[in-house]
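Letters A, B, ... are given to chains in the order of the sequence lines, protein chains preceding strands, and every chain is numbered from 1.
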Number of protein chains: 2
Amino acid sequence: MTSRTEQKCLEKGIRMTHQRRVIAKVLSEAMDHPDVKEVYDRSTAIDRRISLATVYRTVRLYAEMNILDSLELGEGRTRYEESAETHHDHLIDLKSGKIIDFTNAEMEALQNEIAKKLGYRLVGHKFEIFALPLAETEGE
Amino acid sequence: MTSRTEQKCLEKGIRMTHQRRVIAKVLSEAMDHPDVKEVYDRSTAIDRRISLATVYRTVRLYAEMNILDSLELGEGRTRYEESAETHHDHLIDLKSGKIIDFTNAEMEALQNEIAKKLGYRLVGHKFEIFALPLAETEGE
DNA sequence: TTAACTGCAAAGATTTTGCCGCTGA
DNA sequence: TCAGCGGCAAAATCTTTGCAGTTAA
């Protein structure tokens with residue numbers, strides 16, 4: 001009944017309204033990286049009493065509370081996903097548009113090293129690989 | 001007289017108009033990562049006969065021709081910079097907003113490896129580190 | 001009870017586009 | 001010459017916000 005995302009909201013003491021509960025559920029169940037319009041569509045399918053403005057306000061709130069992560073893929077809109085315990089990055093399949101999550105420990109270590117070398121403390125990062133399926137490019 | 005960016009345009013056979021020449025010059029001389037409005041302001045300071053629509057059309061054209069690289073930092077707009085021979089990534093100083101370019105060979109190698117492991121051929125990537133100056137966080 | 005939240009519609013910001021006159025090669 | 005380009009203004013997106021009524025704690 002209580003989604004993972006809702007659980008995190010409760011832990012952070014966020015006031016849970018009906019709308020926020022539905023949006024939390026939608027994101028906990030999402031296996032992809034929906035944008036606001038998609039979150040809105042999935043939410044209103046569960047309950048009509050949710051406006052697009054509320055979805056915008058809620059995902060922004062959740063992202064600020066580190067309950068959601070946001071993705072900017074240069075599409076002119078923001079996608080969201082549940083924050084995972086284990087950090088991961090994204091590979092965007094340019095053929096299908098599919099987004100593949102991956103983790104790489106070396107990457108994570110390297111980032112810290114780079115930031116430190118430049119005199120900084122790492123706060124966050126965005127790492128996206130754009131690529132084509134190997135099969136598609138064979139024989140070129 | 002002929003900027004580096006203009007030179008690349010000529011090599012690619014792009015029709016050089018007055019406006020495109022000015023925009024090329026602005027980007028060749030930019031030491032930062034200006035957004036479209038900034039490119040427009042710098043361009044019109046050189047010559048008034050340039051419209052915002054033309055700047056949008058031109059930077060998009062240049063980016064498609066790999067003459068410029070675009071940056072999406074989650075600000076809701078796109079920044080541009082000259083494509084360098086040596087690829088580099090960005091560290092965003094969250095205190096000052098300053099963007100620091102850096103190169104890291106290990107990073108470049110790691111990307112290819114990750115893509116390959118997932119069954120893909122690397123086409124491009126975006127890697128941005130968000131960080132705070134070490135001095136600012138001392139004593140916390 | 002009441003501070004916070006929501007819906008609605010309007011406004012903002014960024015980017016694209018249709019149309020028509022202009023221009024570079 | 002003339003296909004392609006640029007200016008202008010309208011429109012298309014995506015996102016935020018003011019206001020007044022509603023609701024969670």
* To do: Take the protein atom NE2 of B:His18 and the nucleotide atom C1' of D:dG6, then report the distance between them rounded to whole Å.
  => 12 Å
* Could you check B:Asp35 against B:Ile14 and say which one's nearest nucleotide on DNA chain C is further toward the 5' end? => B:Asp35
* Structure fact -> Closest of D:dA25, C:dT23, D:dT15 to the B:Arg15 side chain is C:dT23
* Phosphate OP1/OP2 of C:dT16 contacted by B:Arg60 side-chain N/O (<4.0 Å) -> yes
* **Value rounded to 0.5 Å, distance of CD1 in A:Ile14 from CD in A:Glu6** => 11.0 Å
* For A:Arg21 and C:dC5, give me the distance from atom CZ to atom C1', rounded to whole Å. => 13 Å
* **Single hit among A:Glu128, A:Glu81, A:Arg79 for side chain to side chain donor-acceptor pair (under 3.5 Å) with A:His90** => A:Glu81
* To do: State whether the number of non-hydrogen atoms from other residues, nucleotides or ligands found under 6.0 Å of A:Lys25 atom NZ is greater than 12.
  => no
* For B:Leu73 and C:dT14, what is the distance between atoms CG and P respectively, to the nearest whole Å? -> 14 Å
* **Atom-pair distance (CE on A:Met65; P on C:dC5), nearest Å** => 10 Å
* Look at the side-chain N and O atoms of B:Arg20 and state whether any lies under 4.0 Å from the OP1 or OP2 oxygen of D:dC5. => yes
* To do: Return no unless some side-chain N or O of B:Thr17 is found under 4.0 Å from OP1 or OP2 of C:dT23.
  => no
* Rounded to whole angstrom units, what separation is found between the CG atom of B:Leu52 and the P atom of D:dA11? -> 18 Å
* To do: Nearest whole angstrom, please: distance from the C1' of D:dT15 to the CD of A:Glu38.
  => 16 Å
* **Trace of the salt bridge (Lys or Arg N to Asp or Glu O under 4.0 Å) decision for A:Arg42 with A:Asp47** => CA-CA 9 Å; A:Arg42 295 178 199 179; A:Asp47 194 305; over 6 Å; no
* Asked: Do A:His88 and A:Asn104 get their side chains close enough for a donor-acceptor pair, meaning under 3.5 Å?
  -> no
* Asked: Within less than 4.0 Å of OP1 or OP2 of C:dG7, is there a side-chain N or O belonging to A:Gln19?
  -> yes
* **Side-chain N,O (B:Tyr56) to OP1/OP2 (C:dT15) below 4.0 Å** => yes
* Structure fact -> DNA chain C nearest-nucleotide lookup for B:Val36 and A:Arg49: closer to the 5′ end is A:Arg49
* Check whether any side-chain nitrogen or oxygen of B:Arg57 sits under 4.0 Å from OP1 or OP2 of C:dT16, and answer yes or no. => no
* Specify the separation, in whole Å, of atom CE of A:Met16 and atom P of C:dA3. => 22 Å
* **d(CD, B:Glu72; P, C:dT14) in whole Å** => 13 Å
* Asked: Side-chain N or O of B:Thr78 less than 4.0 angstrom from OP1 or OP2 on C:dT14?
  -> no
